[in-house]
Number of protein chains: 2
Amino acid sequence: MDATIKDIARIVKVSYATVSRALNNKHGVKPETRKRILEEAHRLNYRPNAIARGLVKKQTHSIGLVIPDITNPFYPEVARGVEDAAQEAGFSVFLCNTNWERDRELRYIELLTSKRVDGLIIAPVSETTETLQRFLRSVPVVYVSTTAVSAHESYVTIDNVKGGYLATELLIRTGKTPVAFIGSEEDSHTLQERLEGYKQALKDYHQPVDERYVRFGDFKRETGSRFIKKMVLEGVKPKGVFGENDLLAIGIIQGAKEIGLAIPDDLAVVGFDDIPFASFPEISLTTIAQPKYEMGRYAVEILLKRIGMEDTGSFPRQRLILEPNLVRRKSA
Amino acid sequence: MDATIKDIARIVKVSYATVSRALNNKHGVKPETRKRILEEAHRLNYRPNAIARGLVKKQTHSIGLVIPDITNPFYPEVARGVEDAAQEAGFSVFLCNTNWERDRELRYIELLTSKRVDGLIIAPVSETTETLQRFLRSVPVVYVSTTAVSAHESYVTIDNVKGGYLATELLIRTGKTPVAFIGSEEDSHTLQERLEGYKQALKDYHQPVDERYVRFGDFKRETGSRFIKKMVLEGVKPKGVFGENDLLAIGIIQGAKEIGLAIPDDLAVVGFDDIPFASFPEISLTTIAQPKYEMGRYAVEILLKRIGMEDTGSFPRQRLILEPNLVRRKSA
DNA sequence: AGAATTATAGTAAACGTTTGCAAAATACGC
DNA sequence: GCGTATTTTGCAAACGTTTACTATAATTCT
């Protein structure tokens, strides 16, 4: 059995209200009694029961982090950013992997609200957050890595269309035309934005937009490899390709090499995200970097500010759109 | 304000005890009243307050996962295994990164016990778990990826000495002698075990154990690269090297290439862990695979079994030592 | 029909804290 | 010393549940 405040009170012979005050450094308790209480608490190896405290204070000092899959190399860094910032503020974080399943996402959100987390950081799989509303109600949320949120929500993300533009522009300017686009699921909001950047760049540089050069699959490496091979097999032969994310891009490089294309001479490829592998000399992927760790940090900063406001309704939504950053390596 | 059980009781005009029973599917409440209660609960978008429930049941259905760094490619998979298994059993998991700092580890454990997690899974940075004892007391723990635990603790890990043996043996049998060992911090328990396997293999195959061929640094990729270069600069020229973990091994490959060595002909290298990158064709690292995801799952299985026991004292410790698995790729 | 049984509902205590308010103790001023 | 101001303490309610126990209502049995 864990020692409670009452145990201490009994031993030190004061009321447990006094013990509570002493333990919380409230003023109005005689230094000497406080000392005795603290000593006894230490002797009993007392640990305050955060559950009981949470019940009366209506605050758990916990937040939920809901992401698709920590195993996907994009997320560990944002998780770390979230965790670091939370920890510094005295918050703990529940990690939840939705595995890209919509109902698992919903179940988690329900579970977390049951546990009365003080806030939620969500990288949603659902492309719209409408469905989530019913479950969220009173819990503050900040979305991460999406813009598809209803009017009064906060988020932090990067400028995907600019990123797509930058990637495509580089390819065009280095003469790697025609440039293809290989992306993951077509209905992803993120993909649509990057695709828009791609198209915008093509237009600005007077390149034709040829639908045969744009393909959609999923976010797996193998897919990139398969798609590029399929493409050239069908006779569409890009000189450059913008892979909507790094995993795809790496797959593209691998597939291209398999069919004898030299990177970047025969085919230049640029990715998106700058996952850790991208910088390995063996890969050396030119890519659009997202400040993943910082995104995590910012998200909790916004969230905590929001949690701090007593008057929840009046908090202005915050929308932080970070700058993408072209990091040039050997693949393009 | 969130709806409570009392709100429902008031509206449906029953006592809140009845509401509680209805919501928990306890028998002894008339089907019709139950129906009315459930309907009202749904209408009010009622979410049970797990905090209040936890207080009386002395169970939070949460566990803590304490690891060094989710950003290290070894951990996401075990975290995922933990999370999946926990989720299936209705538990949530707190993610805590100690950043390899001992006192941060301690602080986290203290925090988590304050939050009254039902159990803890720890990949400890401290090479001995003695220090942790005071903080743990009543909380069930299972350690992961270490054997340095006091007598009555449970853990799941792999057979590191066997892994080290396998790696070294392969190198010897393919004629890649002399074989070097490059490891992380010398006082790591894990390292010592792998090193033991290395030495054992050398002995079994009648190879000399030459201390100039074994080096210790840290677990970073750059370190591997630096060390191999330094080694040959000093005139000790192994034909094979066993990198104590994959990051190191990859660094070794990179460093070797930089100084013109061909892999695996001039230098064969085998790593340890089988992190996701290892299988990339550009790397194609021969390595000792750990079943990371399964380790996570097993850890929670053991933990939950332990939590389920009312009589905590009598639970026999469980020690699960998984088999390492040599996966042969191109680097050796 | 009445007793005995069973199904349903309510009362109240408990979980371990925090906190407003009142009581007691101490210090201060003259 | 006595009244007053101030510091230190205690009492009790509250947070939202669960649950043992008791009370009432409904059903079954003879």
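The chains referred to below are lettered A, B, ... by the order of the sequence lines, with proteins before strands, and numbering in each begins at 1.
- The distance from atom CG of L111(B) to atom OG of S62(A), rounded to the nearest 0.5 Å, is 8.0 Å.
- Here the side chain of T113(A) pairs a donor or acceptor atom with the backbone of I109(A) at under 3.5 angstrom.
- Nearest to the side-chain atoms of A52(B) among the listed nucleotides dG16(D), dT19(C), dG16(C) stands dG16(D).
- Counting only N and O atoms by type, the side chains of S92(B) and K115(A) include a donor and acceptor under 3.5 Å apart.
- Not a single donor-acceptor pair, N or O on each side, falls under 3.5 Å between the base of dG16(C) and the side chain of R47(A).
- The NZ-C1' distance, from K13(A) to dA24(C), rounds to 19 Å in whole Å.
- Distance check, rounded to the nearest 0.5 Å: CD of E83(B) to CD1 of I63(B) gives 9.0 Å.
- dA14(D) atom C1' lies 17 Å from atom CG of D2(B), rounded to whole Å.
- Using a 4.0 Å cut-off on heavy atoms, the residues of residues 28-36 of chain B that approach DNA chain C are G28(B), V29(B), K30(B), P31(B), T33(B), listed by number.
- Closest contact between the side chain of Y16(A) and the listed nucleotides dA13(D), dG16(D), dG10(C) involves dA13(D).
- What separates CD of Q59(B) from P of dT18(D) is a distance of 13 Å, to the nearest Å.
- At the heavy-atom level, S20(B) lies under 4.0 Å from base atoms of the strands shown.
- For dG16(C), its base never sits under 3.5 Å from the side chain of R116(B) at any donor and acceptor pair.
- Looking at which nucleotide of DNA chain C each of A17(B) and T4(A) is closest to, the 5′-most match is held by A17(B).
- The nearest whole Å value for the distance from the CD1 atom in I5(B) to the P atom in dA14(C) is 19 Å.
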Please table the atom pairs, donor to acceptor, closer than 3.5 Å between any side-chain atom in residues 67-77 of chain A and protein atoms at least two apart or in another chain.
{"unit_1": "D69(A)", "atom_1": "OD1", "unit_2": "T71(A)", "atom_2": "N", "d": "3.0"}
{"unit_1": "D69(A)", "atom_1": "OD1", "unit_2": "R80(B)", "atom_2": "NE", "d": "3.0"}
{"unit_1": "N72(A)", "atom_1": "OD1", "unit_2": "F74(A)", "atom_2": "N", "d": "2.9"}

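- When the nucleotides dC21(D), dC15(C), dT18(D) are ranked by their closest atom to the side chain of L55(B), dC15(C) comes out on top.
- Within the 4.0 Å cut-off from OP1 or OP2 of dG10(D), at least one side-chain nitrogen or oxygen of S15(A) is found.
- Only one option out of T157(B), T147(B), T146(B) pairs with E193(B) in a side chain to side chain donor-acceptor pair (under 3.5 Å); it is T147(B).
- Panel note: side chain R34(B), backbone K26(B); a donor-acceptor pair is recorded below 3.5 Å.
- With DNA chain C read from its 5' end, the first of the two nearest nucleotides for T18(B) and V56(B) is the one closest to T18(B).
- Rounded to an integer number of Å, the gap from CZ of R10(B) to C1' of dG16(D) is 14 Å.
- A straight line from NZ of K58(A) to P of dT18(C) spans 16 Å, rounded to a whole angstrom.
- Straight-line distance from the CZ atom of R53(B) to the C1' atom of dT19(D): 13 Å, rounded to whole Å.
- Side-chain N/O atoms of K26(B) include one lying less than 4.0 angstrom from OP1 or OP2 on dT19(D).
- Taking 4.0 angstrom as the limit, N49(A) places none of its side-chain polar atoms (N or O) nearer than this to OP1 or OP2 of dC15(C).
- The nearest whole Å value for the distance from the CD1 atom in I37(A) to the C1' atom in dT8(D) is 11 Å.
- Ionic pairing of K35(B) and E39(B) is present here: one or more N-O contacts between side-chain nitrogen and carboxylate oxygen are shorter than 4.0 angstrom.
- K6(B) comes within 4.0 angstrom of a nucleotide base, judged by non-hydrogen atoms across all strands.
- Phosphate contact (OP1/OP2 of dT17(D), side-chain N/O of Y46(B), threshold under 4.0 Å): present.
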